[in-house]
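Data block below; observations after.
Below, all heavy atoms of this structure are taken into account, side chains as well, without hydrogens, waters or symmetry copies.
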Amino acid sequence: MVFDDNRLVSELYGEFDQNIALVEQRLDVHITPRGNHLMLMGSSAALDSARRVLESLYDLLEEGTKVEIGDVDATIRMVQNDDSRLPASSTRKSDRIRMARIATRKSTIGARTPAQDAYIRAFEANGLVFGIGPAGTGKTYLAVAHAASRLERGEIERIVLSRPAVEAGERLGFLPGDMKDKVDPYLRPLYDALHDMMHPENIERGLVSGTIEVAPLAFMRGRTLSNAVIILDEAQNTTPMQMKMFLTRMGENSSMIVTGDPSQIDLPRGQSSGLVEALDLLTGLEGVNVSRFTHKDVVRHPLVARIVKAYDQQYGVRRNADAGALSGEVTKGRTS
């Protein structure tokens, strides 16, 4: 392979050729860089994948986008997936990868898996988007990035971030302090995501003026939220009535993003989840998108993906066994 711009090639290789090393490791090829020339050796399929990765990254550099190790990992993930899983807008005619991106004044966030790519594109095309899947897949992070980007572009007037105040083993009343002190620990992940997208002074100004509102779900009742992006995080811990109440808060020129993991419900035993019910009722409805993530979409430490997969397999076996036992009990009861 030959690239034209020596300056861009240096950025393509990365510091101490770390980008090239990652491509070699993940795609099982051997790459020898010589100036702006690359010699690649490997199987035909591996070489084709490596070529697509390198050409796609070089395209980003030509557009003025800085390529970091996370972008290399993302492009490899995208190439390793069957193109049928990618939206048509993600693959150019030259078969190079074009990942969806969200730009804020502080940073630009790009999709790192096909599921994230589809999720980001769904924001613009739907009034209500569900992001469903395990921890570490970027469900909330990308939702906050989208909201921050739209606010900075002047497309909306405010961001509303909410979570149900339900956690395993604790209740608000047992925490010290006033209401804000009690609620803030539950909303900390939303604050953290905001700080990655916006400058601190803009966040503080927004919180004071009401342009950015962070509130527990209980405070949403009776309101109509217009000209806003409204995000509900940890939605698996809502009751069906809470979920209905939240979804009907949407006003003019507003959109909603609901994120959650149905495998981590912390509601009292016997209480059904509003998220699970909403997915049953609303999937397939016009203007509603459901984006589902798996352990393959985890973008934290690689070990997190393996941990999620192990738990999914274990609880999947238990659920099947419980369902079988319940079926046997019902059959026995009917027979008697």
Side-chain angles (χ1 to χ4, degrees), residues 1-81 83 86 90-92 94-117 120 135-138 141-142 145 192-193 195-199 295-309:
M1 298 181 67
V2 181
F3 296 99
D4 297 330
D5 192 322
N6 285 327
R7 181 183 59 83
L8 295 183
V9 166
S10 176
E11 296 181 39
L12 176 66
Y13 294 172
E15 188 175 5
F16 303 114
D17 292 345
Q18 64 176 357
N19 296 346
I20 296 297
L22 184 59
V23 174
E24 287 183 310
Q25 176 187 347
R26 295 278 294 280
L27 297 179
D28 194 24
V29 294
H30 179 71
I31 303 176
T32 304
R34 294 174 180 170
N36 64 336
H37 290 67
L38 286 175
M39 177 69 70
L40 290 78
M41 292 183 289
S43 68
S44 177
L47 289 175
D48 183 60
S49 295
R51 175 189 60 78
R52 292 182 69 189
V53 168
L54 294 169
E55 288 180 344
S56 298
L57 293 172
Y58 190 77
D59 283 352
L60 286 178
L61 290 168
E62 285 189 316
E63 294 169 3
T65 302
K66 184 178 180 181
V67 168
E68 299 178 342
I69 196 69
D71 298 303
V72 182
D73 172 72
T75 308
I76 293 171
R77 285 175 182 247
M78 301 284 275
V79 166
Q80 285 179 321
N81 281 275
D83 284 347
L86 300 177
S90 299
T91 308
R92 293 178 174 177
S94 61
D95 86 26
R96 296 177 187 176
I97 299 298
R98 178 69 173 180
M99 296 170 292
R101 305 179 81 82
I102 300 173
T104 67
R105 291 173 185 170
K106 188 174 182 181
S107 61
T108 298
I109 297 91
R112 294 184 61 178
T113 71
Q116 286 192 356
D117 188 270
I120 292 173
T137 51
Y141 194 81
L142 293 174
D192 291 343
H195 278 277
D196 280 354
M197 314 302 168
M198 303 175 69
H199 294 290
H295 67 275
K296 294 181 180 179
D297 300 301
V298 173
V299 292
R300 290 179 182 168
H301 192 286
L303 184 56
V304 175
R306 296 194 287 273
I307 291 171
V308 170
K309 183 179 180 181

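Residues Pro114 and Met78 come closest through the heavy atom pair N-SD, 3.4 Å. Closest approach of Lys106 and His195 over heavy atoms only: NZ-O, 2.6 Å. Here the closest non-hydrogen pair linking Ala46 and Leu27 is CB-O, 3.3 Å. Nearest heavy-atom pair across Tyr13 and Gly35 is OH-O, 2.8 Å. Minimum interatomic distance between Ile109 and Ala145 (heavy atoms only, all atoms of both residues): CD1-CB, 4.2 Å.
In summary, the side chains of Asp297 and Thr137 do not present any donor paired with an acceptor at a separation below 3.5 Å, with no hydrogens or angles considered.
Remark: the backbone N or O of Leu12 is paired with a side-chain donor or acceptor of Asn19 at under 3.5 angstrom. A donor-acceptor pair under 3.5 Å links the side-chain atoms of Asp5 to the main chain of Leu8, judged by distance alone. Formation of a donor-acceptor pair under 3.5 Å by the Gln116 side chain with backbone atoms of Arg112 is found in this model. Within the 3.5 Å criterion, the main-chain N or O of Asn6 finds no donor-acceptor partner in the side chain of Ser10. Between the side chain of Ser107 and the main chain of Asp196, a donor-acceptor pair closer than 3.5 Å is present. Asp71 contributes a side-chain N or O that, together with a main-chain N or O of Glu68, makes up a donor-acceptor pair within less than 3.5 Å.
At least one side-chain heavy atom of Arg101 sits less than 4.5 Å from a side-chain heavy atom of Leu60. For the pair Leu40/Met1, a side-chain contact is recorded, criterion being any heavy-atom separation below 4.5 Å from C-beta on.
Note on Asp73 versus Arg77: salt bridge recorded, some NZ/NE/NH1/NH2 to OD/OE distance being below 4.0 Å.
The ring-ring contact (aromatic ring centres under 6.0 Å, His included) test applied to Tyr58 returns Phe3, not counting sequence neighbours.
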